[in-house]
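Contents: one structure, followed by commentary.
Lettering of chains follows the sequences in order, A, B, ..., and the numbering in each one begins at 1. Just so it is clear, the values below take in all heavy atoms, side chains as well, and ignore hydrogens, waters and symmetry mates.
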Protein chains: 2
Amino acid sequence: MDTDNAVVERLLTPAEVATIFRVDPKTVSRWARSGKLNARRTLGGHRRYPENEIWALLDQHQGE
Amino acid sequence: MDTDNAVVERLLTPAEVATIFRVDPKTVSRWARSGKLNARRTLGGHRRYPENEIWALLDQHQGE
DNA sequence: AATCATTAGGGTAATTGGGGAC
DNA sequence: ATTGTCCCAATTACCCTAATGA
């Protein structure tokens, strides 16, 4: 298994992003819908968020 | 000289697909059973997924 | 042959999306 | 203007056993 260990962007669930920012998961969805947050979709329509983007946004809003 | 380098579709295991979409392997099985995902079968009945299709679906559901 | 991780099933909790409203 | 909460339907996660894969 794992024939080709390509670097795939790791995705976070809405709940995980919500925990990181200390907000409600619904708020995370609002961010995504308003374009503030980039998101992939599962085939069922649930959102998955690129981990590196989340951390980048966290750092970016530091010290404000 | 590339005598017999036919383009063979690379197959991914359920666990690999699950990792890519950040879902449970069972969810991938449900996608296959509902026709959302194309799948081949091992002789024992386990599913294998064409890699190309997986990446295409992941990219396709980008945005919004 | 024997071990151990993975998968297919099926059932039942938990999460998520969407919509609007407060 | 942003966030949290409530509702509902759909999707997904976790539980188990038996079979397959390696």
Side-chain angles (χ1 to χ4, degrees):
Chain A
M1 46 175 102
D2 244 353
T3 49
D4 207 341
N5 224 346
V7 178
V8 182
E9 62 178 0
R10 295 200 308 173
L11 301 176
L12 297 177
T13 65
E16 290 170 336
V17 177
T19 299
I20 292 175
F21 279 98
R22 296 294 305 267
V23 293
D24 194 89
K26 182 125 187 171
T27 298
V28 180
S29 297
R30 285 170 174 156
W31 292 345
R33 201 136 28 104
S34 65
K36 295 178 179 176
L37 221 47
N38 203 282
R40 315 267 176 277
R41 295 276 199 161
T42 68
L43 299 191
H46 286 197
R47 298 185 182 89
R48 296 285 118 100
Y49 304 92
E51 186 181 33
N52 41 340
E53 183 179 336
I54 299 302
W55 295 121
L57 288 173
L58 251 189
D59 295 343
Q60 175 181 345
H61 293 255
Q62 236 174 26
E64 258 189 51
Chain B
M1 252 237 223
D2 253 352
T3 49
D4 219 345
N5 225 347
V7 180
V8 180
E9 57 179 5
R10 295 164 46 105
L11 299 178
L12 299 179
T13 65
E16 291 170 337
V17 177
T19 299
I20 293 174
F21 278 97
R22 189 57 165 87
V23 293
D24 193 90
K26 287 305 186 51
T27 298
V28 180
S29 299
R30 261 186 262 104
W31 292 346
R33 226 178 320 141
S34 66
K36 293 178 179 175
L37 215 48
N38 207 288
R40 318 257 175 275
R41 292 276 196 165
T42 67
L43 300 188
H46 286 195
R47 299 186 181 89
R48 296 287 118 97
Y49 305 92
E51 188 180 30
N52 302 348
E53 185 180 341
I54 299 303
W55 294 121
L57 287 174
L58 188 65
D59 294 342
Q60 173 183 345
H61 293 72
Q62 231 170 180
E64 189 190 345

Please determine, for the side chain of A:K36, which listed nucleotide (C:dT16, C:dG17, D:dT2) has the closest atom?
-> D:dT2
List the steps and the verdict of side-chain contact (heavy atoms from CB on, under 4.5 Å) for B:I54 and B:L37.
-> CA-CA 8 Å; B:I54 299 303; B:L37 215 48; 4.0 Å; yes
Shortest side-chain distance from B:S29, nucleotide among C:dA8, C:dT7, D:dT12 = C:dA8
Could you tell me which non-hydrogen atom of A:P50 sits nearest to which non-hydrogen atom of A:E9, and how far apart they are?
-> CB-OE1, 4.0 Å
Where B:N38 and B:Y49 come nearest, the two heavy atoms and their spacing | O-CD2, 3.5 Å
Starting from P on C:dT15, measure out to CG on A:L11 and report it in whole angstrom.
-> 19 Å
List the steps and the verdict of side-chain contact (heavy atoms from CB on, under 4.5 Å) for A:L11 and A:E51.
-> CA-CA 5 Å; A:L11 301 176; A:E51 186 181 33; over 6 Å; no
Within a strict 4.5 Å, meaning less than it, do heavy atoms of the A:R41 and A:H46 side chains meet?
-> no
Polar atom pairs (N or O), protein with nucleotides 20-22 of chain C, under 3.5 Å:
| unit_1 | atom_1 | unit_2 | atom_2 | d |
| --- | --- | --- | --- | --- |
| C:dG20 | O6 | A:K26 | NZ | 3.4 |

What's the CH2-C1' distance between B:W31 and C:dA8, to the nearest Å?
-> 17 Å
Rounded distance (Å) that lies between atom C1' of D:dG21 and atom CG of B:L12 | 16 Å
CZ (A:R10) with more than 12 external heavy atoms under 6.0 Å | no
Chi angles and distances behind the salt bridge (Lys or Arg N to Asp or Glu O under 4.0 Å) call for A:E16, B:R22 | CA-CA 12 Å; A:E16 290 170 336; B:R22 189 57 165 87; 2.4 Å; yes
Of all the heavy-atom pairs spanning B:V23 and A:R48, show the shortest one and how long it is.
-> CG1-NH1, 3.3 Å
Taken to the nearest whole Å, CG/B:L43 to P/C:dT7 is 17 Å
What nucleotide, of D:dT11, D:dT5, C:dA8, holds the atom closest to the side chain of B:H46?
-> C:dA8
Give the nucleotide from the list C:dT15, C:dT6, D:dG4 with an atom nearest to the side chain of B:A15.
-> C:dT6
Closest approach of B:E53 and B:K36, non-hydrogen atoms and distance?
-> OE2-O, 4.4 Å
Distance check: side-chain N/O of A:T42 vs OP1/OP2 of D:dT12, anything under 4.0 Å?
-> yes
For A:R33 and D:dT3, give me the distance from atom CZ to atom P, rounded to whole Å.
-> 13 Å
Watson-Crick or G-U pairs under 3.5 Å in DNA chain D, rendered as dot-bracket with [ ] for crossing pairs and | for another strand | ...|||||||||||||||||||
Minimum-distance nucleotide to B:R41 side chain [options: C:dG9, D:dC14, D:dT12] | C:dG9
A:L37 has an atom CG; how far is it from atom C1' of D:dT3, in whole Å?
-> 16 Å
Gap between atoms CZ and P, on A:R47 and D:dT12 respectively (whole Å) = 13 Å
Round to the nearest Å and state the distance from B:D24 atom CG to C:dA8 atom C1'.
-> 13 Å
